[in-house]
Amino acid sequence: MNLRQTLDATLSKALSEACGNQVPAMVAQAKNPEHGDYQANGALAAARSARRNPRELGEAALALAELDDLVEHAEVAGPGFINLRLRESVLIAEMREPLTEPNPSPQTIVIDYSSPNLAKEMHVGHLRSTIIGDAMARLLEHLGHKVIRQNHVGDWGTQFGKLLVEFESKGTDASSLANLETFYSDASKRYDEDTTFANAARARVVDLQSGEATAKAAWQKFIEVSLSHCQAIYERLGVTLKREHLAPESGYSAELPYIIQTLESKGLIEESDGARCVFSERLKSREGEPLPLIVEKSDGGYLYATTDLAALSHRCHTLRANRVLYFVDARQSLHFDLLFEVGRRAGLAGQASLEHHAFGLMLGADGSPYRTRDGRTVKLASLLDEAISHALDVVSEKNPDMDLDERREIARIIAIGAIKYADLSKHRTSDYVFHWNRMLSFEGNTAPYLLYAYTRAKRILEKAPRTQADFTQARLDPAERDLALHLARFQETLDSVATSAEPHRLCTYLWQLAALLMKFYESSPVLKSTGVTQAMRLRLCERTAETLKQGLELLGIETLERM
RNA sequence: GCGCCCGUAGCUCAGGUGGACAGAGCGUUGGCCUCCGAAGCCAAAGGCCGCAGGUUCGAGUCCUGCCGGGCGCGCCA
């Protein structure tokens, strides 16, 4: 049950009655536990407009609110805060409820994430979109929404001209693409230095886009190899993206003329310097002129803005999305701002909520975009290799007698989890610094800490005797109550992440949960206790383990039984 | 020039719709394994929340102006 929401609904109703008009109670988790479990600040805000004394209003609301089932103590404090303390019986009862409940009004939610450019290999810059998008997909799906993943891979730009000519000159042999990075830079070098090559490249783009058979065949082969590189990374990372989630740019090419037609029929298109544009009604350029979204170049070619409009229309109309979530870095904020405006004015977006969830770039310690010593971008594959190798060292040091295969498997889960958690736990809309040693640290607020907490709880459960005692008859000491209270807040945490699209909040929740378990572990011996006390402590261990496992799973992080 | 984002402890970061003494991790210092795993727990030190005004009963949070940083601004994606 979403306790916060339930309290808010009840108290809002009472406060509105006391006030005479509709006002929110604004129930939130209490920051200071001395004030209770939840606090409502609505009386303070409402008092002003109602010209009433906030404390009096709070008292009136409390008198009207039917909270006895949930709340053991409620009082008005300070200038007019309403403090609520939950009944212990409620916390205990919550431990027998399902961990989560589905959203009563499920939506169709399209998520655009990962979306690498197929001309190059995936590098560390793709991590954030891929990891965060995947966590949101898992979480929203778990809450009962219909999630449609869209991997909007770049397979259609002008850059494919030079790649095709290079590829064909090497006999369209897949082995020449073994290292996509060097392949791309070789092609770029020839394009810049050799005019014959450059002309051929330009001609090949036209061939490709007009559907010429040999160009198309070579292109398809190239894309196929590149996609298998991506898919291998997804599998290593435990990302749920599959071939069926591909929504490549090329797939929209046939739609583009109709997009232009639609814009034209709405009277939105204007010609400017030979290009066809839609001018913004709100955003201004350098010279104070309206900002254009260019949808057709002066040579008649289409651009990514055109493709994005086609994708938007497809998502809102064909897929019938209620929300469209874009996990794309912040450099594209202006682009999406314009895109959403034009999409709405052209009627391509329907009523859907269009959300660009931006994030900053990954930087090196010197503050420049993250690269290796020789100036190359860091491939995702090598980041994973290095993390696993480091994890294996640590695992081996802690478990010298464990056999190698088991150590390897544990190292894999720890390393992948640590990388994903390090990224997921940061909010950062601005650029952030990537640190090897911090990413690979297994202490403090990291995935290994959460995994360790999980294994400790599991070990107790493994060793525990079967008990017939009824845990609901037990009383909770402070450390146990703190843990039980936090456990009861899982649902409201998930709901808040669902609307905000900020998985770092779930990370914070799980970190706190693990910390509370550690404290409980120190203060409340389980195996040495007896009767209802032991039954309740075992139930706390069990519930915490289940919650950690479920929460980590929603983040896309595997758990392990020992480490 | 205009626009967006950011500036919180030595470092890396949290601080939902303004709320009750500003939090955590790392690092530093000092404790805790004959008790379920010490990848842990406990404690201490460390902050004019970039600066200056304003709105409010109340501002890290909202508004304005500065200072400092990042990114973006017509035919690339």
Side-chain angles (χ1 to χ4, degrees), chain A residues 24 26 28-32 34-35 39 41 44-45 47-48 54 77-81 83 115 117 119 154 156-159 249 272-277 283-289 291-299 301-305 307-308 329-335 337-338 358 360-361 363 367 394-395 397-398 414 422 425-433 435 437-438 441-446 448-449 451-453 455-457 459-464 496-497 499-500 502 504-505 507-508 511-512 514-515 518-519 521-529 537 541 562-563:
Chain A
M26 300 200 288
Q29 294 177 7
K31 274 188 184 171
N32 186 338
E34 284 173 23
H35 296 141
Q39 64 183 63
N41 306 327
L44 281 160
R48 191 181 306 172
F81 302 107
N83 291 335
S115 307
N117 187 329
W156 204 239
T158 47
Q159 56 192 326
E249 288 177 346
S272 171
D273 296 334
R276 312 185 79 189
C277 313
L283 302 163
K284 301 269 195 280
S285 75
R286 244 176 263 244
E287 287 76 28
E289 305 293 316
L291 214 57
L293 185 73
I294 303 179
V295 293
E296 191 179 316
K297 296 192 282 188
S298 47
D299 68 2
Y302 302 118
L303 299 103
Y304 75 123
T307 305
D308 276 353
D329 83 67
R331 287 176 301 185
Q332 307 230 23
S333 294
L334 181 59
H335 167 67
D337 205 347
L338 266 170
L361 269 40
L363 303 178
V394 177
V395 173
E397 185 190 319
K398 309 253 181 201
I414 288 177
S425 60
K426 284 179 171 60
H427 181 43
R428 287 291 116 186
T429 53
S430 54
D431 299 345
Y432 67 105
V433 176
H435 284 111
N437 52 351
R438 262 190 272 273
S441 159
F442 300 153
E443 290 162 11
N445 188 0
T446 61
Y449 179 87
L451 296 174
Y452 182 64
T455 60
R456 287 181 108 180
R459 190 54 70 90
I460 290 176
L461 294 168
E462 223 172 75
K463 293 184 175 174
S496 116
V497 174
T499 56
S500 68
E502 294 171 350
H504 80 280
R505 293 188 189 184
C507 293
T508 303
W511 154 255
Q512 288 170 340
M518 298 292 196
K519 287 187 173 72
Y521 191 97
E522 302 285 335
S523 68
S524 304
V526 179
L527 300 181
K528 288 193 164 181
S529 59
R537 288 177 180 175
C541 286
R562 62 196 60 208
M563 59 190 278

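All values below were derived from every heavy atom in this structure, side-chain atoms included, with hydrogens, water molecules and symmetry-related copies excluded. Lettering follows sequence order; numbering is per chain, from 1.
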- When you check every protein heavy atom under 4.0 Å of nucleotides 24-32 of chain B, what one-letter string (B, S, -) results, 5' to 3'? SSS------

- Message: Across nucleotides 54-66 of chain B, 5' to 3', mark each nucleotide with B, S or - according to how protein heavy atoms within less than 4.0 Å reach it.
- Response: --SBB-B------

Taking [Y]'s backbone N and O only, do any of them form a donor-acceptor pair with [X]'s side chain (distance below 3.5 Å, no angle check)?
X	Y	answer
A/Asp273	A/Ala275	no
A/Ser529	A/Val526	yes
A/Arg537	A/Pro525	yes

Of all the choices, [options], which nucleotide is nearest to the side chain of [X] once you look at every atom?
X	options	answer
A/Arg562	B/rC21, B/rG37, B/rC5	B/rG37
A/Ala28	B/rA39, B/rG16, B/rC5	B/rG16
A/Lys528	B/rC35, B/rG74, B/rC41	B/rC35
A/Val395	B/rC6, B/rC36, B/rA39	B/rA39
A/Tyr521	B/rG37, B/rG40, B/rA20	B/rG37

- Query: Does B/rG58 fall in syn (glycosidic angle within 90° of 0) or anti?
  - Reply: anti

- Message: Quick check on B/rC33: syn or anti? Syn means the glycosidic torsion is within 90 degrees of zero.
- Response: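 For B/rC33, whose glycosidic angle is within 90° of 0, the conformation is syn.
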
Considering every strand and a 4.0 Å limit on heavy-atom distances, what is the contact class for [X]: base, sugar-phosphate, or nothing?
X	answer
A/His35	base
A/Leu334	sugar-phosphate
A/Ser524	base

- Message: Please convert RNA chain B into dot-bracket. A pair counts if it is Watson-Crick or G-U wobble with both distances under 3.5 Å; crossing pairs go in [ ] and bases paired with another strand get |.
- Response: (((((.(..((((.....[...)))).(((((.......))))).....(((((..]....)))))).)))))....

- Using the aromatic ring of A/Phe81 (for Trp, its six-membered ring), decide whether it stacks on the base of B/rA20 within the limits of 5.5 Å and 30°. yes

- Message: Can you tell me if A/Arg428 touches the phosphate of B/rA14, counting only side-chain N or O atoms and a distance under 4.0 Å to OP1 or OP2?
- Response: yes

